[in-house]
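This report concerns only the one structure given below.
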Amino acid sequence: MTHTFPENFLWGASISAHQTEGAYQSDGKGLSVQDTRQRDNHEIADFTVAVDHYHHYKEDIRLLAEMGIKVFRFSIAWTRIFPNGRGEINQKGLQHYNSVIDELLKYDIQPYITLNHFDLPQALEDEGGWGVRSTVDAFKHYAETVFEAYGDRAKHWLTINEPNIMLLVDKKILGKEIPLQEKYQQFHHLMIAEKYAFKRCHELIEGGQIGPVPNISLVYPATSKPLDNQAALYFNSVRNWAYLDFSCFGRYNTVFKDYLKRNNITIDFAPEDSELMENNFPDFIAMNFYTTVTVEKPTEKDGMANGISDQQSEDIMEWGFYKGFTNPYLKKNEFNWTIDPDGLKTTLQTLYDRYHLPIIITENGLGAKDELTTEGNIHDTYRINYLQQHIDQCLQAIEAGVDLIGYSPWSAIDLVSVHEGISKRYGFIYVDRTEHDEKELARYRKDSFYWYQKLIETNQLPS
Ligand code: BG6
């Protein structure tokens, strides 16, 4: 078997605004729900400084160019453009991303821009957040504004990062639990907002391409018992297909509809929604993948627990539907996330078979506690092994016929984890700070940086 990737394969690296930028109130930026969220009794770093990518972006992009990436996935902080979510444009915020895009193009790096990555403006949250329709209108206007401002140079866009994980893991990502009825009204609004983004990107940007960016992990049944298989069917729909069927087919998934019905959830549709859903589609799918999930059918003695979070997996529980199960065949990383490279190939094949759209992986990576040596090195062999195993499965998926066009792992530089601080690092570039001491925020190349550089240069996976 050859280890060579297709010519023009899009090697990239990814970040989000709130986890890297810091400068949370600089140059007119407003507060987002991530800036206001309580962080585990202040035991871990918050996002106020993060890794100060806002001020270090030139240095960071220069290092990424040295690593050889062709694609940089980043998100725009909505609150830099509209500090209160809507209203007057903050010109300094708008200018910042002009500079970022120009800097990337200087090195021939294509921007892949996420419109929103978990950081809804707090002012909109105060009015009801994604639970109210006016947030969809504000999002539409924000998306139009950035398409018009940057679309002459930025041709590739991602909509809303992982709406599925944001709703499933609401407590950890948003700092609050959302009741089921409201959760799925939010689902509808998020997905309609995305449809507007598809529509307006195609109308406003010549040659513009846009895709959804869910976190997709196949759900395995714990055993071959028919009811475990049914549990996996439901969780696959609630976790994965409900979102992508809406994006790519323009309809509510039938298993998901049954789930909504059995939970007495009703969704408010606006008059324009059906037309929007059925006529606006993505050009590609951006997929985030970390692991697979395994479930079994709960029994009555499991009681009525009703948490459906799954990052990562054993705390999933919805009585009558599914319950998380520890997969005995998979190892875990030091943060208790299961590792399943083979599952990546199966997930890619399933996704491609279902939607027939080009796929770019926009997140995949290993969170680990790296150590900076006194000589300024970081020997992250464990990360290289993780990436090697997953990239190998990407190659196998391509050979099996999947139109996988790129791989942009998490993360380009170290960043503040969604709920585990800066000690859990993902980057190719180490940023020297601790949870509470920002130090000089100096950047260091990890061993994985050189490994990835070589991979990109040769377009071949070392055996
Ligand atoms: C993804 C998010 O779900 O998981 C990222 O899009 C996040 O923002 C990543 O950082 C890893 O999760 P965590 O909790 O380790 O930061």
Side-chain angles (χ1 to χ4, degrees), residues 3-17 19-21 50-75 99-114 154 156 286 288 360-368 370-373 375-392 394-395 404-415 425-433 441-462:
H3 291 286
T4 306
F5 276 81
E7 219 184 313
N8 304 325
F9 191 73
L10 298 171
W11 294 108
S14 302
I15 59 163
S16 74
Q19 291 173 272
T20 56
E21 285 181 356
V51 294
D52 201 25
H53 175 63
Y54 187 75
H55 295 111
H56 288 250
Y57 75 91
K58 285 194 178 165
E59 178 187 356
D60 292 339
I61 292 173
R62 183 173 47 71
L63 282 165
L64 294 169
E66 180 189 321
M67 195 166 66
I69 58 167
K70 321 272 182 231
V71 159
F72 183 47
R73 177 206 172 197
F74 65 98
S75 72
S99 310
V100 171
I101 292 167
D102 290 344
E103 195 67 16
L104 289 168
L105 295 179
K106 189 168 112 186
Y107 296 104
D108 276 336
I109 299 173
Q110 293 180 52
Y112 270 60
I113 307 180
T114 316
H156 297 94
N288 298 346
I360 176 167
I361 294 175
T362 42
E363 284 186 38
N364 174 234
L366 182 72
D370 295 335
E371 199 186 319
L372 177 66
T373 67
E375 297 79 34
N377 296 314
I378 303 93
H379 299 305
D380 56 343
T381 321
Y382 36 88
R383 181 169 295 106
I384 293 173
N385 291 340
Y386 177 99
L387 293 171
Q388 166 112 17
Q389 286 171 5
H390 285 79
I391 294 172
D392 182 44
C394 290
L395 200 50
L404 180 67
I405 58 170
Y407 179 77
S408 184
W410 196 256
S411 51
I413 52 179
D414 281 347
L415 41 74
R425 295 169 180 274
Y426 285 90
F428 292 107
I429 296 164
Y430 185 92
V431 181
D432 189 22
R433 65 159 290 180
L441 293 158
R443 271 66 173 154
Y444 295 88
R445 299 165 186 81
K446 301 185 189 177
D447 286 358
S448 56
F449 176 101
Y450 297 109
W451 176 85
Y452 196 47
Q453 184 184 51
K454 175 109 190 289
L455 167 61
I456 298 175
E457 191 188 308
T458 56
N459 208 27
Q460 274 194 349
L461 200 59

Measure the CD1-CG distance between I361 and N288 for me, rounded to the nearest 0.5 Å.
9.5 Å
Return the set of residues passing ring pair (Phe, Tyr, Trp, His ring centres under 6.0 Å) with Y444 (not counting sequence neighbours), or none when no residue passes.
none
Which distance, rounded to the nearest 0.5 Å, do you find between the CG of L366 and the CD1 of I384?
11.0 Å
Please find the pair of heavy atoms, one from S448 and one from G427, that lie closest to each other, and give the distance.
OG-O, 4.1 Å
Check E103 with K106, please: is the shortest side-chain N to carboxylate O separation under 4.0 Å?
yes
L387 vs Y407, side chain to side chain contact (heavy atoms under 4.5 Å, CB included): CA-CA, chis, key distance, verdict
CA-CA 11 Å; L387 293 171; Y407 179 77; 3.4 Å; yes
Does the side chain of Y107 come within less than 4.5 Å of R62's, by heavy atoms?
yes
Rounded to the nearest 0.5 Å, how far does CG of L10 lie from CG of L404?
9.5 Å
Closest non-hydrogen atom pair between Q19 and L415, with its separation:
O-CB, 3.3 Å
Donor-acceptor pair, N459 side chain versus P6 backbone, under 3.5 Å?
yes
Under a 4.5 Å cut-off applied to non-hydrogen side-chain atoms, are L64 and I429 in contact?
yes
Given the rule in the side chain to side chain contact (heavy atoms under 4.5 Å, CB included) test, do I69 and F428 qualify, once you have shown the distances and angles that lead to the verdict?
CA-CA 12 Å; I69 58 167; F428 292 107; over 6 Å; no
With a 4.5 Å cut-off on side-chain heavy atoms, are F5 and I391 touching?
yes
Return yes if some donor-acceptor pair links the side-chain N/O of S14 with the main-chain N/O of W410 below 3.5 Å, else return no.
no
Pairwise side-chain contact, I61 with L104, heavy-atom cut-off 4.5 Å (strictly under):
yes
Please find the pair of heavy atoms, one from F72 and one from A412, that lie closest to each other, and give the distance.
CE1-CB, 3.9 Å
Tell me, do I101 and I113 make a side-chain contact under 4.5 Å, heavy atoms counted?
yes
Please report the shortest heavy-atom distance between I456 and G68, naming the atom on each side.
CG2-O, 3.3 Å
Cation-aromatic face contact R445/Y450, 6.0 Å, 45 degrees
no
Rounded distance [0.5 Å steps], CD1 in I15 versus CD in E21:
7.0 Å
Looking at side-chain heavy atoms only, is the closest gap between T20 and H56 below 4.5 Å?
no
Within the distance-only criterion (no hydrogens, no angle test), does the side chain of D414 pair as donor or acceptor with the backbone N or O of V431 below 3.5 angstrom?
yes
Please tell me if the side chains of I360 and H156 come closer than 4.5 Å, counting only heavy atoms from C-beta onward.
no
Is there a donor-acceptor contact under 3.5 Å from the side chain of E59 to the main chain of A442?
no
What's the separation between atom CZ in R73 and atom OG1 in T362, rounded to the nearest 0.5 Å?
4.5 Å
Would you check if M67 and W11 make a side-chain contact, meaning some heavy-atom pair closer than 4.5 Å?
no
Taking every heavy atom of P111 against every heavy atom of F74, the minimum-distance pair comes out as CB-CE2, 3.9 Å
Are there more than 12 heavy atoms of other residues, nucleotides or ligands under 6.0 Å from atom CD of E371?
no
Residues passing the salt bridge (charged side-chain N to carboxylate O under 4.0 Å, His left out) test with D370, sequence neighbours excluded, are R383, K446
Which heavy atom of A17 sits nearest a heavy atom of S75, and at what distance?
N-OG, 2.8 Å
Using 30° and 60° as the class boundaries, would you call the ring planes of H390 and Y386 parallel, tilted or perpendicular?
parallel
